[in-house]
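Okay, structure first, notes after.
Quick note: residue numbers are just sequence positions, from 1.
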Amino acid sequence: MRRVIKIGGSLMSRPDLPSCLAELFDVIAVAAPSAADPSAADPLETLVIVGGGQLVDAVRKWDQQRPLDPAKTHWQCIELLQYTFEWIGDWFPAWHRVDSVASLQEAVQQGFSTTAPNLISVRSFYDRGNDGDLPHDWRTTSDSLAAKLCSDTAADELVLLKSCDIEESWDRRHLISRGVIDEAFTLFDNADWKLRIVSVNAIA
C-alpha cells in the first residue's frame, strides 16, 4: 500500500512537533482499512510532503496588500516549499529524502522505503513543465500538490493533516467552500485514490 501524507505548514510551529506527528501517524494507521487485519496488509510506503506555513502566509498577506502577477507569486511560493522540505528533513534525519525527478521516478518503479517515511520535495514532481494543469494562482495550494503526487505515484490514499475541526459528513465540495481544501482540488474529483482528512485537534 502506498499512502501520501501532507503535513500542513502550520504544524511546523508546534513545539511538540515530533510527538504530534508520531501520534497523528498512529491515528492514521489505526484508522486505515487494513488495520482490522494487519497480517493481510501489504508493507506500507509512506510519502510525505510539507506545506508552506508561515512563509507562504506572509507572501499571501503581502499579495493582498499589493498584488503582483498571480503566476509569478505562485512560483515564488513553490520555491519556498523547498525550505520547509529542508527543515523537516533536518528535523527528522531518519526519514528518506526524495529530492529530484529522477529519484522519484526510480522510487515509483522500484518501490519506496517501508522502514521510514519518504519525504518528497515538490520540485521532484511539480514545475512549469509538469504542472498537471493546476492553476498558477492562489487556487492551488499544497493540498492539490499532494493530490498530484498521489496521482503521479499511483498511491492508494491521500491524507491531509489539518489544524481545524472536520465534520465526517462534509464532502469535497463542502470542504472547498469552507476553505478546508483548495479550489484546484476539483481537478481530482475522479481520482482513484481515497481521500482522508485528519484534524490535529483530535490529538491536541
Side-chain angles (χ1 to χ4, degrees), residues 4-17 20-21 24 47-92 98-99 119-152 158-167 170-189 191 195-204:
V4 173
I5 300 177
K6 179 233 160 175
I7 300 174
S10 60
L11 289 177
M12 295 183 67
S13 300
R14 291 183 63 125
D16 63 341
L17 181 63
C20 174
L21 286 183
L24 284 168
L47 285 58
V48 178
I49 75 166
V50 189
Q54 294 178 351
L55 288 177
V56 172
D57 287 344
V59 176
R60 187 188 297 269
K61 183 176 180 179
W62 296 338
D63 193 55
Q64 290 171 344
Q65 295 173 343
R66 299 176 182 84
L68 297 175
D69 175 68
K72 179 178 180 181
T73 302
H74 171 79
W75 292 112
Q76 288 174 335
C77 290
I78 295 302
E79 292 175 6
L80 291 176
L81 296 178
Q82 185 64 23
Y83 291 97
T84 55
F85 166 85
E86 295 288 350
W87 277 319
I88 288 290
D90 289 343
W91 290 345
F92 297 90
V98 178
D99 193 21
L119 184 61
I120 312 297
S121 169
V122 169
R123 68 184 181 189
S124 68
F125 66 91
Y126 180 77
D127 57 35
R128 289 172 175 81
N130 179 26
D131 61 7
D133 294 326
L134 292 171
H136 303 162
D137 54 35
W138 291 111
R139 289 173 293 173
T140 298
T141 71
S142 51
D143 291 341
S144 284
L145 297 180
K148 183 179 186 302
L149 175 63
C150 207
S151 294
D152 287 358
L158 170 61
V159 180
L160 303 178
L161 302 183
K162 293 287 183 176
S163 56
C164 59
D165 293 327
I166 308 295
E167 296 288 342
W170 293 351
D171 60 18
R172 292 191 187 187
R173 299 290 173 168
H174 195 67
L175 291 165
I176 291 172
S177 68
R178 296 184 67 92
V180 177
I181 56 179
D182 64 45
E183 295 179 52
F185 214 90
T186 57
L187 293 175
F188 302 96
D189 282 348
L195 171 66
R196 275 199 290 158
I197 300 180
V198 176
S199 173
V200 179
N201 297 341
I203 66 156

*Tell me, do Phe185 and Leu175 make a side-chain contact under 4.5 Å, heavy atoms counted?*
no
_Donor-acceptor check, side chain of Thr141 to backbone of Trp138, threshold 3.5 angstrom: yes or no?_
no
_Using a 6.0 Å cut-off, check whether atom CH2 of Trp91 has over 12 heavy atoms from anything other than its own residue._
yes
*In this structure, are over 12 heavy atoms from other groups packed under 6.0 Å from Gln76 atom CD?*
yes
So how far is it from [X] [atom1] to [Y] [atom2], rounded to the nearest 0.5 Å?
{"X": "Ser144", "Y": "Arg139", "atom1": "OG", "atom2": "CZ", "answer": "10.5 Å"}
{"X": "Cys150", "Y": "Ile5", "atom1": "SG", "atom2": "CD1", "answer": "10.5 Å"}
{"X": "Trp62", "Y": "Asp57", "atom1": "CH2", "atom2": "CG", "answer": "11.0 Å"}

*Do you know which of Ile7, Val122, Leu55 makes side-chain contact (heavy atoms from CB on, under 4.5 Å) with Thr84?*
Leu55
*asked:* I need the minimum non-hydrogen distance between Ile49 and Ser142, along with the two atoms involved.
replied: CD1-O, 3.9 Å
*If you look at every heavy atom in Asn130 and Phe125, which pair is closest and at what distance?*
ND2-O, 2.9 Å
_Counterpart residues, side-chain hydrogen bond (donor to acceptor under 3.5 Å, both in side chains), relative to Ser151 (two or more places apart)_ = Trp193
*Which side-chain hydrogen bond (donor to acceptor under 3.5 Å, both in side chains) pairs, counting each pair once, include a residue from residues 65-74, with sequence neighbours left out?*
His74-Tyr126
